[in-house]
There are 2 protein chains.
Amino acid sequence: MVDIDRLSQQMRFIVEIDKLKHIERQSALTDGTRQENDSEHSWHIAAMAILLSEYSNEKGIDLLKVIKMLLIHDLVEIDAGDTFLYDTLGNSTKAKREKDAAARIFGLLPEDQAVEMHSLWEEYEARESPEARFAFAMDAIQPLILSFHNKGWSWKKHGVVKSQIVDKKEPLKIGSRDLWEYAQTLIKRAVDDGFLIDDEAP
Amino acid sequence: MVDIDRLSQQMRFIVEIDKLKHIERQSALTDGTRQENDSEHSWHIAAMAILLSEYSNEKGIDLLKVIKMLLIHDLVEIDAGDTFLYDTLGNSTKAKREKDAAARIFGLLPEDQAVEMHSLWEEYEARESPEARFAFAMDAIQPLILSFHNKGWSWKKHGVVKSQIVDKKEPLKIGSRDLWEYAQTLIKRAVDDGFLIDDEAP
């Protein structure tokens with residue numbers, strides 16, 4: 001027999017996370033028609049992880065764990081909102097806002113699943129496991145791929161320049177040096193094609 | 001050294017599937033503010049699979065395989081479009097359109113990954129493995145959950161009545177009898193609450 005209280009808690013969570021579809025990100029879709037939202041982004045990077053795991057620095061990672069992390073990593077933004085990577089003020093209060101959000105949102109689940117999801121989220125945030133590092137690489141490179149294809153839609157909007165992108169994206173090499181190499185070719189082509197300003201050019 | 005041709009094919013696919021974010025479904029979000037798209041739906045059901053696998057009829061299923069299927073199962077709609085479950089004409093040509101789409105879209109990937117993804121998609125469509133059956137249950141129950149919470153937004157729009165929903169949703173019991181039980185309680189409540197017409201009521 002199904003434990004109806006347990007299933008109700010699970011369904012409550014499933015309905016709650018529908019709100020992720022309303023959390024707008026700064027990145028626009030590849031065709032630049034509109035910004036993407038967190039649920040679309042989470043789907044995209046989970047699918048990317050399936051295809052790109054061969055580029056993880058550390059071999060033999062647990063892909064299921066990576067994908068679980070990616071599917072739930074942004075749920076805290078239901079309460080905390082999306083903080084643009086280049087927004088210094090927003091980023092100073094982000095950790096506290098997201099911690100409270102995690103407690104509330106994962107707390108909707110039955111205890112065992114609340115613990116598992118909360119702990120996956122903390123593992124992702126800490127970037128101390130091979131899975132968390134590779135997941136982070138997916139999360140970091142995806143908006144760069146979108147921005148390259150939409151010719152810097154959000155960079156232009158916010159006046160973001162090359163040195164800022166390099167600063168924020170270089171950490172993805174902790175998960176995949178190969179994909180950081182690839183990311184650098186995109187950044188270079190964006191400068192060459194004239195839609196990213198190289199603020200360090202002589 | 002990275003095989004740059006291989007990585008380019010993978011990136012081509014990753015950019016192509018961004019289009020899934022434009023494929024609008026008939027189901028509206030739980031708050032009824034707008035329809036959801038295929039990428040949002042795919043994210044939602046993949047997250048649901050993590051939480052609900054205990055209700056699979058068959059125990060010990062490969063959750064990673066389930067999630068992979070769910071993340072890619074709708075990609076064919078990039079070419080073939082979303083066919084509303086209650087659209088008889090559209091459904092008569094759906095199989096051919098989706099088969100051609102699978103060949104084109106998965107064909108963008110390097111051969112080994114094209115074969116894996118195409119075969120996952122076929123396995124999902126055939127519903128002959130425990131993983132495919134459970135994945136199908138996720139795909140089938142999610143729009144019902146949305147529709148229950150938005151008080152039958154798409155049912156009203158298309159004049160869908162109870163017997164049609166029962167017909168279309170009952171097959172989800174091949175993946176989870178427990179979740180079909182739960183689905184029936186939602187259908188009953190929708191009728192009791194007056195936003196679903198019971199066409200078989202005396």
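Chain letters run A, B, ... following the sequence lines, proteins first and then strands; every chain starts at 1.
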I need the [X] [atom1] to [Y] [atom2] distance, nearest 0.5 Å.
{"X": "A:Leu64", "Y": "B:Leu64", "atom1": "CG", "atom2": "CG", "answer": "5.5 Å"}
{"X": "A:Phe134", "Y": "A:Leu70", "atom1": "CZ", "atom2": "CG", "answer": "8.5 Å"}
{"X": "A:Glu40", "Y": "B:Ser39", "atom1": "CD", "atom2": "OG", "answer": "4.0 Å"}
{"X": "B:Trp43", "Y": "A:Asp38", "atom1": "CH2", "atom2": "CG", "answer": "9.0 Å"}
{"X": "A:Phe136", "Y": "A:Met138", "atom1": "CZ", "atom2": "CE", "answer": "11.0 Å"}
{"X": "A:Ser56", "Y": "A:Ile61", "atom1": "OG", "atom2": "CD1", "answer": "4.0 Å"}

Heavy-atom distances under 4.5 Å only: say whether [X] touches chain A with side chain, backbone, both or neither.
{"X": "B:Leu7", "answer": "both"}
{"X": "B:Glu36", "answer": "side chain"}
{"X": "B:Thr33", "answer": "side chain"}
{"X": "B:Asn37", "answer": "side chain"}
{"X": "B:Leu29", "answer": "both"}
{"X": "B:Phe148", "answer": "neither"}

Got [X] and [Y] here, is their nearest side-chain heavy-atom distance under 4.5 Å?
{"X": "A:Lys94", "Y": "A:Asn91", "value": "yes"}
{"X": "B:Leu75", "Y": "B:Phe13", "value": "yes"}
{"X": "A:Met11", "Y": "B:Leu179", "value": "yes"}
{"X": "A:Ile187", "Y": "A:Leu144", "value": "yes"}
{"X": "B:Pro171", "Y": "B:Arg133", "value": "no"}

Discussion item. Applying a heavy-atom distance below 4.5 Å, give me the residues of residues 99-131 of chain B that approach chain A, sorted by number.
Written reply: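 The list, in residue order, reads B:Leu109, B:Gln113, B:Met117.
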Worksheet item: What residues of residues 14-24 of chain B sit under 4.5 Å from chain A when only non-hydrogen atoms are counted?
Response: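 At a heavy-atom separation under 4.5 Å, chain A is reached by B:Ile14, B:Val15, B:Ile17, B:Asp18, B:Leu20, B:Lys21, B:His22.
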Discussion item. One pair to check against side chain to side chain donor-acceptor pair (under 3.5 Å): B:Asp199 and B:Ser163. What are the steps and the verdict?
Written reply: CA-CA 7 Å; B:Asp199 52 314; B:Ser163 67; 2.5 Å; yes
Worksheet entry | A:Tyr55 vs A:Glu181, side chain to side chain donor-acceptor pair (under 3.5 Å): CA-CA, chis, key distance, verdict | CA-CA 11 Å; A:Tyr55 305 111; A:Glu181 283 276 320; over 6 Å; no
Worksheet entry | A:Gln10 portion near chain B, given a 4.5 angstrom heavy-atom threshold |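 Only the side chain of A:Gln10 comes within 4.5 Å of chain B.
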Worksheet item: Are B:Glu200 and B:Lys162 ion-paired here, with the side-chain N under 4.0 Å from a carboxylate O?
Response: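 Salt bridge between B:Glu200 and B:Lys162, a charged N being under 4.0 Å from a carboxylate O: no.
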Item to complete: State whether A:Arg25 and A:Glu77 are salt-bridged, where the test is any N-O pair (Lys NZ or Arg NE/NH1/NH2 against Asp/Glu carboxylate O) under 4.0 Å.
Response: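 Answer for the salt bridge query: no.
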Mind listing the side-chain donor-acceptor pairs of residues 188-196 of chain A below 3.5 Å, one per line with the distance, residues two or more places apart or on another chain?
unit_1	atom_1	unit_2	atom_2	d
A:Lys188	NZ	A:Asp192	OD2	2.8

Discussion item. Below 4.5 Å, heavy-atom pairs only: which of B:Arg34, B:Gln142, B:His41, B:Arg6 has the largest tally toward chain A?
Written reply: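 Result: the option with the highest number of such pairs is B:Arg6.
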Worksheet entry | Contact listing (chain B partner; residues 44-53 of chain A; heavy atom under 4.5 Å) |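 Listed by number, the contacting residues are A:His44, A:Ala46, A:Ala47, A:Met48, A:Ile50, A:Leu51, A:Leu52.
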Practice prompt. Evaluate side chain to side chain contact (heavy atoms under 4.5 Å, CB included) for A:Ser147 paired with A:Trp153, printing each intermediate quantity in order.
Written response: CA-CA 6 Å; A:Ser147 292; A:Trp153 191 94; over 6 Å; no
